[in-house]
Amino acid sequence: MLDIKYLRQNVELVREKMEKRGKNIDFSRFSALETQRRDILQEVETLRAERNNVSKQIGELKKKKEDASVIIARMGEVSNKIKELDEKLRVTEEELGAFVMAVPNIQHASVPVGTSSEDNPVVRQWGEKPAFAFEPKPHWEIGENLQILDFERGAKIAGARFTLYRGLGATLERAVINFMLDLHTGEHGYVEVLTPFMANRDSMTGTGQLPKFEEDLFHVDKTDYYLIPTAEVPVTNIYRDEILEEKILPVYYVAYSPCFRAEAGSYGKDTRGLIRQHQFNKVEMVKFVKPETSYDELEKLTLNAEEVLKRLGIAYRTVTLCSGDLGFSSAKTYDVEAWMPGQNAYREISSCSNFEDFQARRASIRFRREESDKVEFVHTLNGSGLAAGRTVVAILENYQQADGSVIIPEALRPYMRGKEKITI
RNA sequence: GGAGAGAUGGCUGAGUGGCCGAAAGCGAUCGCCUGCUAAGCGAUUGUACGCCCGUAAAAGGUGUACCGCGGGUUCAAAUCCCGCUCUCUCCGCCA
C-alpha cells in the first residue's frame, strides 16, 4: 500500500509511474474521496468535541441536582448527527481503502521501462552450459524413465499439476531443501523458521496477495484460512502490527515451505513436468531492514540465491524485471534463471524483490529509531533460495547422462547418503 | 467436543457509567547528586488521523479516536448488554 499522504501530494507523478507499469489508473476518484474524507472528518470531530464538553457539563449539573433535560435533548440530536456522519465516513474510507489497496507499488528509479519479460535486461551470467553428445531430454522423461517422478499417479491422487516423487527422486528434493537451508543458515546469516502453511485473510492482505489476487489462492472451505502460495506470507507476517527495536534490524529469516497456487489463467502453460505445479516446495529468504539499507540488502539477497546454483554447478543468468513485468507489491525485482537444457531455455528459479515499505505499511511493521525515538516503517525483501522443484528440474536436465542416469552434484551427496548417481 | 476463567500502555497490575488516555510499580530516557559503580532525587515516557502555526525537514499548539475485535444501550462506556476471536485451567479425544 502506498502512503495516502504521499499519494495525495504526488498524484500526477504516481500516475506516470503506473503508466510505465502498464497500469492506467484514474486518480480523480481518489482525490475526490480524499477531500470528502477530510471534510467529513473535520465536521464529525467538531461535533464530538462539542459532545464531550457538554456531556461534562451535564455531569456537573446532575451532581448539583439541576435540570439538564434541555441540553440532553440537544445532545441527543448531536449524537444522531454524529452517527450519520460516521456512517458516511465509513463508506468513504471503505472505498478509499479499496482504491489504495489496488494500486501497485512504485518502481525504483533504477527499474528499466519495458512492457514484458522480453525487455528484462541481463545483469549477470554465470557458468558453462553443459555440452551433450546426445539430444538432452526434458526432466519429465528423465524422471519417468528413472521411476523417480510419477506424474500419472500424482494426477490420480490429486489432479493435474500434482506430482508423486519416488525413491531417490523424493530424496533429491529433500536433499535440495536441506542443502539450501544449511547454506543460508550456516554461511549467509539467516535464522531458520518453520511456519504454519495456512494463513488468514489479514496475513494474505499484509503481503499483498489479497484483496486483488484471490483467484490465485486456494481457500480452505468454511474457514478464514488460505493455503500459503509462498513462505513469504507467514514469514513477513511474523512482525505484523509490531514496532520493532532498531537494534534487532536487519532480521534475516529463511523458511522451507510447500507452496500452493491455483494457477488460474495459466491453462496450457508448462503443462508437462514439474515447472508449474499446484503444490511445490520452496526455500524462501525474507529480510526486515532499515530503509537506507534496503537496496544493498537486495543485492546481497540475490547473490545468496545465486550461490545455491554456483554450488550445484548450474549455469544461470540474472535479469532485472522491467516496469511492465514487475509484480504488484515490488519496487524492484531480480529474477535468477537457471539453464535448463531439456527445454533449451533459461527458466526462472528465484525471484528476489525489494518491497520497500509497501508491505510494511499494509501489515503495519514498524521500528523505532533509537536516536530520534521516531517510528518508521521497515523495508521488507524476499527471494526464493530457491524453488526446490525447479532446482530438481535443473539438476536432472543438466546432469543427465547418455545412459539415462543422472549424476548427483557433489554438494548434495552428503544429503543423499553419499550416492553419486541416480540410476534405474 | 464439554465445563469454567480471563484479555487494560514496553511489562506487572488497579480501575463497575461522567473527575480515566487511564492509578501504582517495574523498565527506559534525560537531568541532579556521588571520585567510579550501586543507591537516591527530579522530569519525561503510547499510536493513528485531522486542524493551526511554522519549517529544508522538524519542533510547537490544538482536536478526535484507540483499554482483544465488532455491534448495541446512554446526553456520556475501559466500565452495562449482545456476538466473535484469542489465551489459560479441568474433562474427553488424538499425532
Side-chain angles (χ1 to χ4, degrees), chain A residues 1-10 30-101 194-206 210 220 222-226 234 237-249 251 290-292 357 360-378:
Chain A
M1 181 167 84
L2 298 179
D3 182 3
I4 290 197
K5 258 188 256 170
Y6 177 85
L7 194 49
R8 192 199 300 159
Q9 285 157 15
N10 302 279
F30 166 80
S31 303
L33 283 169
E34 179 52 21
T35 308
Q36 194 182 344
R37 184 186 78 89
R38 274 184 297 160
D39 287 349
I40 299 172
L41 196 61
Q42 277 181 46
E43 198 181 346
V44 78
E45 285 192 350
T46 308
L47 288 176
R48 277 222 175 83
E50 186 191 352
R51 184 176 73 182
N52 288 346
N53 274 327
V54 176
S55 286
K56 226 172 266 175
Q57 290 171 27
I58 292 171
E60 281 159 26
L61 285 177
K62 290 219 161 171
K63 215 174 278 173
K64 285 186 264 173
K65 302 264 191 231
E66 286 177 32
D67 178 51
S69 56
V70 177
I71 39 179
I72 285 179
R74 199 177 94 233
M75 281 306 104
E77 278 168 45
V78 170
S79 276
N80 285 337
K81 181 78 182 158
I82 289 174
K83 235 176 238 181
E84 222 173 89
L85 288 170
D86 269 343
E87 178 58 18
K88 260 170 83 181
L89 186 64
R90 192 190 61 76
V91 170
T92 305
E93 285 186 334
E94 201 172 76
E95 196 185 334
L96 196 59
F99 185 98
V100 175
M101 288 297 251
L194 185 62
T195 69
F197 297 153
M198 296 187 221
N200 58 33
R201 190 171 181 88
D202 284 347
S203 293
M204 289 293 172
T205 306
L210 291 179
V220 181
K222 297 188 180 103
T223 69
D224 184 37
Y225 301 142
Y226 294 81
N237 277 284
I238 287 174
Y239 294 126
R240 174 156 51 84
D241 296 324
E242 292 193 33
I243 299 175
L244 307 174
E245 286 177 62
E246 180 178 8
K247 62 172 178 254
I248 76 162
L249 299 176
V251 174
K290 289 193 261 178
E292 60 270 26
D357 62 6
R361 184 172 290 108
R362 285 179 159 239
S364 190
I365 307 169
R366 295 172 291 172
F367 75 103
R368 192 186 304 278
R369 295 257 186 208
E370 260 167 48
E371 203 164 293
S372 59
D373 238 29
K374 285 270 179 274
V375 175
E376 257 180 75
F377 289 109
V378 302

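Each chain gets a letter, A, B and so on, in the order its sequence line appears, and its residues count up from 1. Side-chain atoms are counted along with the backbone in the values below, which use heavy atoms only and exclude waters and symmetry mates.
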Check: Taking atom P of B/U64 as reference, at what distance in whole Å does atom CG of A/Asp86 sit?
Finding: 14 Å
Check: A/Ser79 pairs by side-chain hydrogen bond (donor to acceptor under 3.5 Å, both in side chains) with which of A/Arg51, A/Arg74, A/Arg48?
Finding: A/Arg51
Item checked: Touch class at under 4.0 angstrom, heavy-atom based, for A/Leu41 against every strand present -> sugar-phosphate
Notebook entry, point to check: Is A/Gln42 side chain donor-acceptor paired with the B/G50 base, going by distance under 3.5 Å alone?
Noted result: no
Note to self: Looking only at the side chain of A/Lys374 (C-beta and beyond, no hydrogens), which of the listed nucleotides B/G18, B/A59, B/U47 gets closest?
What the structure shows: B/A59
Notebook entry, point to check: B/G4 pairs with which nucleotide, Watson-Crick or G-U wobble, both distances below 3.5 Å?
Noted result: B/C88
Item checked: Who pairs with B/A78 - Watson-Crick or G-U, where each distance is under 3.5 Å -> none
Item checked: A/Asp241 CG - B/A48 P separation (whole Å) -> 13 Å
Next item on the list: Show the numbers, then the answer: is there a side chain to side chain contact (heavy atoms under 4.5 Å, CB included) between A/Met75 and A/Val78?
Entry: CA-CA 5 Å; A/Met75 281 306 104; A/Val78 170; 3.8 Å; yes
Next item on the list: Verify the contact: side-chain N or O of A/Lys83 to OP1 or OP2 of B/U73, cut-off strictly under 4.0 Å; return yes or no.
Entry: yes
Next item on the list: Using Watson-Crick or G-U wobble geometry with both distances below 3.5 Å, tell me the partner of B/C30, or none.
Entry: B/G42
Note to self: So if I take every side-chain heavy atom of A/Ile72 and compare against B/C75, B/A59, B/G50, which nucleotide ends up nearest?
What the structure shows: B/C75
Would you tabulate the side-chain donor-acceptor contacts of residues 1-8 of chain A under 3.5 Å, counting partners in other chains and residues two or more places apart, or write 'none'?
unit_1	atom_1	unit_2	atom_2	d
A/Asp3	OD1	A/Lys5	N	3.1
A/Arg8	NE	A/Glu34	OE2	3.0
A/Arg8	NH2	A/Glu34	OE2	2.8

Next item on the list: Give one of base, sugar-phosphate or nothing for A/Arg201, where a contact means two heavy atoms less than 4.0 Å apart.
Entry: nothing
Next item on the list: Quickly work out the A/Arg51 CZ to B/G18 C1' distance and round it to whole Å.
Entry: 13 Å
Notebook entry, point to check: Does B/G9 have a Watson-Crick or wobble mate here (both distances under 3.5 Å), and if so which one?
Noted result: none
Next item on the list: Between B/U47, B/G63, B/G50, spot the one nearest the side chain of A/Ala49, thanks.
Entry: B/G63
Notebook entry, point to check: B/G42 and B/C26: how far apart are their P atoms, nearest whole angstrom?
Noted result: 12 Å
Next item on the list: Inspect the surroundings of CD in A/Glu370 and state if more than 12 heavy atoms from other residues, nucleotides or ligands are less than 6.0 Å away.
Entry: yes
Margin query: Distance check needed: B/U45 P versus A/Glu245 CD, whole Å only.
Written below: 20 Å
Check: Between A/Arg366, A/Lys290, A/Arg369, which is the residue that forms a side-chain hydrogen bond (donor to acceptor under 3.5 Å, both in side chains) with A/Glu376?
Finding: A/Arg369
Checklist line | Pairwise 5' ranking along RNA chain B for A/Ile58 and A/Ser55, keeping only the more 5' one | finding: A/Ser55
Check: Which part of the nucleic acid, if any, lies within reach of A/Arg366 when heavy atoms closer than 4.0 Å are counted: base, sugar-phosphate only, or nothing?
Finding: sugar-phosphate
Margin query: At 4.0 Å (heavy atoms only), tell me whether A/Val375 reaches a base, stays on the sugar-phosphate, or touches nothing.
Written below: sugar-phosphate
Notebook entry, point to check: Can you tell me how far C1' in B/A22 sits from the matching atom in B/G15, rounded to whole Å?
Noted result: 8 Å
Next item on the list: Name the closest nucleotide to the A/Arg48 side chain, picking from B/U64, B/A48, B/C75.
Entry: B/U64
Notebook entry, point to check: Within this structure, what is the CD-to-C1' distance between A/Glu60 and B/C19, rounded to whole angstrom?
Noted result: 9 Å
Notebook entry, point to check: Whole Å only: how far is the CD1 atom of A/Ile248 from the P atom of B/G10?
Noted result: 16 Å
Next item on the list: Give a yes or no on whether A/Tyr225 atom OH has more than 12 heavy-atom contacts from other residues, nucleotides or ligands under 6.0 Å away.
Entry: no
Check: Side-chain N or O of A/Asn52 less than 4.0 angstrom from OP1 or OP2 on B/U64?
Finding: yes
Item checked: Separation of atom CD in A/Glu93 from atom P in B/G50, rounded to whole Å -> 10 Å
Item checked: Interatomic distance where CD belongs to A/Glu87 and C1' belongs to B/G70 [whole Å] -> 14 Å
